[in-house]
Amino acid sequence: KKFETAFMIAMGREYHKKNWVMQLHFAVKRDNNQSIFRKIGADAGIDCISNFTPADQMADFLNALAETDELPKTIIYSLNPTDNAAIGTIIGCFQGTEAIGKIQQGSGWWFNDHKQGMRDQMISLGNLGLLGNFIGMLTDSRSFLSYTRHEYFRRILCNVLGTWVENGEYPADMETLGQIVEDICYNNAARYFGIE
């Protein structure tokens, strides 16, 4: 554990030096069915959600980097949807002026990469943070078909915002709504990652 912690802190410092984005994933238990693993190997669909939420450790880790002013831009993903609120409160503790939405909650991913998972993540982020600064959906570029998830994501995002408007929870200002969608679907990520 000491080595892992030292390694993670050293990597966080390097990301900060290079102005790279650190991405942290947790809450998965890999390769559960050893019989299938021996026959097929890794990535055989035998992974599951872990219910261990390292919220305290995550906060302490980010704090260790913030203490020395070496906390890089960071995206935190959990594969367990029950972690949305914990992540939402952690990211609020470590925002900074050097980047808009410096610490981000990653989009619904893996076991949450479906309508309800993406919707729940966006609503939680909207409740506990600032949805307008969200960098949106990512892609698994190993598969051409994975790019279609961006269109699916956009439809779900627009449905969430449209529902808020219909319920009177957000103004029906189409120009502002359009800008929010455009920002979440492209501009925020381009700015965050420094894409010209």
Side-chain angles (χ1 to χ4, degrees), residues 21-28 49-51 53-56 58-59 62-63 66 71-140 146-195:
V21 176
M22 178 169 61
Q23 297 189 67
L24 305 170
H25 295 77
F26 62 91
V28 65
I49 291 173
S50 167
N51 65 356
T53 303
D56 294 356
M58 179 74 66
L62 297 176
N63 184 59
L71 178 60
K73 292 183 279 188
T74 303
I75 307 171
I76 303 171
Y77 303 85
S78 175
L79 303 186
N80 188 335
T82 63
D83 293 338
N84 284 339
I87 293 172
T89 58
I90 289 171
I91 66 174
C93 297
F94 296 99
Q95 296 301 337
T97 58
E98 59 274 34
I100 295 172
K102 178 181 176 178
I103 311 301
Q104 291 269 336
Q105 179 176 6
S107 59
W109 186 242
W110 202 339
F111 301 117
N112 302 306
D113 190 8
H114 51 76
K115 180 181 177 182
Q116 192 65 41
M118 286 187 244
R119 184 178 170 280
D120 289 350
Q121 183 270 341
M122 287 184 236
I123 290 170
S124 180
L125 182 57
N127 287 337
L128 295 168
L130 186 56
L131 184 62
N133 287 342
F134 180 35
I135 60 169
M137 180 48 82
L138 70 162
T139 192
D140 178 349
S146 71
Y147 289 102
T148 60
R149 75 168 43 102
H150 289 275
E151 175 60 20
Y152 191 49
F153 172 86
R154 282 189 288 272
R155 290 171 183 262
I156 294 166
L157 170 63
C158 290
N159 183 267
V160 167
L161 292 173
T163 299
W164 290 346
V165 170
E166 287 178 355
N167 291 342
E169 299 167 342
Y170 198 87
D173 177 342
M174 292 305 128
E175 186 176 334
T176 300
L177 289 165
Q179 189 63 57
I180 289 170
V181 171
E182 185 180 315
D183 287 347
I184 292 172
C185 293
Y186 178 75
N187 296 329
N188 293 347
R191 180 179 59 240
Y192 191 77
F193 291 107
I195 298 169

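Worth saying up front: this structure is predicted, and the values here are computed from it rather than measured.
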Heavy atoms of Pro171 and Leu177 approach each other most closely as O-CD1, 3.9 Å

Checking Thr176 now: which residues fulfil side chain to side chain donor-acceptor pair (under 3.5 Å) with it, not counting sequence neighbours? Asp173

From Asn187 CG over to Ile180 CD1, what is the distance, rounded to the nearest 0.5 angstrom? 12.5 Å

Measure the spacing between OG1 of Thr74 and CG of Leu62 and express it to the nearest 0.5 Å. 6.0 Å

Using side chain to side chain contact (heavy atoms under 4.5 Å, CB included), reason through Ile135 and Phe193 one step at a time and then give a plain yes or no. CA-CA 9 Å; Ile135 60 169; Phe193 291 107; 3.9 Å; yes

Looking at CG of Asn51 and OG of Ser78, how far apart are the two atoms once the value is rounded to the nearest 0.5 Å? 10.5 Å

Derivation of the side chain to side chain contact (heavy atoms under 4.5 Å, CB included) call for Met58 and Thr53: CA-CA 9 Å; Met58 179 74 66; Thr53 303; over 6 Å; no

For Ala27 and Asp83, the nearest pair of non-hydrogen atoms, with its separation, is CB-OD2, 3.9 Å

Inter- and intrachain pairs under side-chain hydrogen bond (donor to acceptor under 3.5 Å, both in side chains), touching residues 86-100, at least two apart: Glu98-Lys102

Shortest non-hydrogen separation from Ala59 to Phe94 and the atoms involved: O-CZ, 3.4 Å

Can you give me every donor-acceptor pair (side chain of residues 117-126, partner residue at least two apart or in another chain, under 3.5 Å) with its distance?
{"residue": "Asp120", "atom": "OD1", "partner": "Gln116", "partner atom": "NE2", "Å": "2.8"}
{"residue": "Gln121", "atom": "NE2", "partner": "Gly106", "partner atom": "O", "Å": "3.2"}

Quick one: list whatever passes side chain to side chain donor-acceptor pair (under 3.5 Å) with Tyr192, sequence neighbours left out. none

Of all residues at least two apart in sequence or in a different chain, which pass the side chain to side chain contact (heavy atoms under 4.5 Å, CB included) check with Ile49? Asn80, Pro81, Phe111

More than 12 foreign heavy atoms under 6.0 Å from CD of Glu169: is that the case here? yes

Identify the heavy atoms of Ser107 and Leu138 that sit nearest to each other, and give their distance. OG-CD2, 2.9 Å

Approximate separation, where rounding is to 0.5 Å, of Trp109 CH2 and His25 NE2: 7.5 Å

If I take atom CG from residue Asn188 and atom CD from residue Glu182, how far apart are they, to the nearest 0.5 angstrom? 10.0 Å

List the residues meeting side chain to side chain contact (heavy atoms under 4.5 Å, CB included) with Ala85, not counting sequence neighbours, and say none if there are none. Leu128

Do any side-chain atoms of residues 150-165 form donor-acceptor pairs under 3.5 angstrom with protein atoms, and if so which ones, sequence neighbours left out?
{"residue": "Glu151", "atom": "OE1", "partner": "Arg154", "partner atom": "NE", "Å": "3.3"}
{"residue": "Glu151", "atom": "OE1", "partner": "Arg154", "partner atom": "NH2", "Å": "3.2"}
{"residue": "Glu151", "atom": "OE2", "partner": "Arg155", "partner atom": "NE", "Å": "2.8"}
{"residue": "Glu151", "atom": "OE2", "partner": "Arg155", "partner atom": "NH2", "Å": "3.3"}
{"residue": "Tyr152", "atom": "OH", "partner": "Lys115", "partner atom": "N", "Å": "3.4"}
{"residue": "Thr163", "atom": "OG1", "partner": "Asn159", "partner atom": "O", "Å": "2.8"}

Would you compute the distance between atom CG of Leu24 and atom CD1 of Ile75 and round it to the nearest 0.5 angstrom? 9.5 Å

Applying salt bridge (Lys or Arg N to Asp or Glu O under 4.0 Å), name anything that partners Asp183, two or more places apart in sequence or on another chain. none

As a quick check of understanding, evaluate side chain to side chain contact (heavy atoms under 4.5 Å, CB included) for Val28 and Tyr77, giving each step before the final call. CA-CA 11 Å; Val28 65; Tyr77 303 85; over 6 Å; no

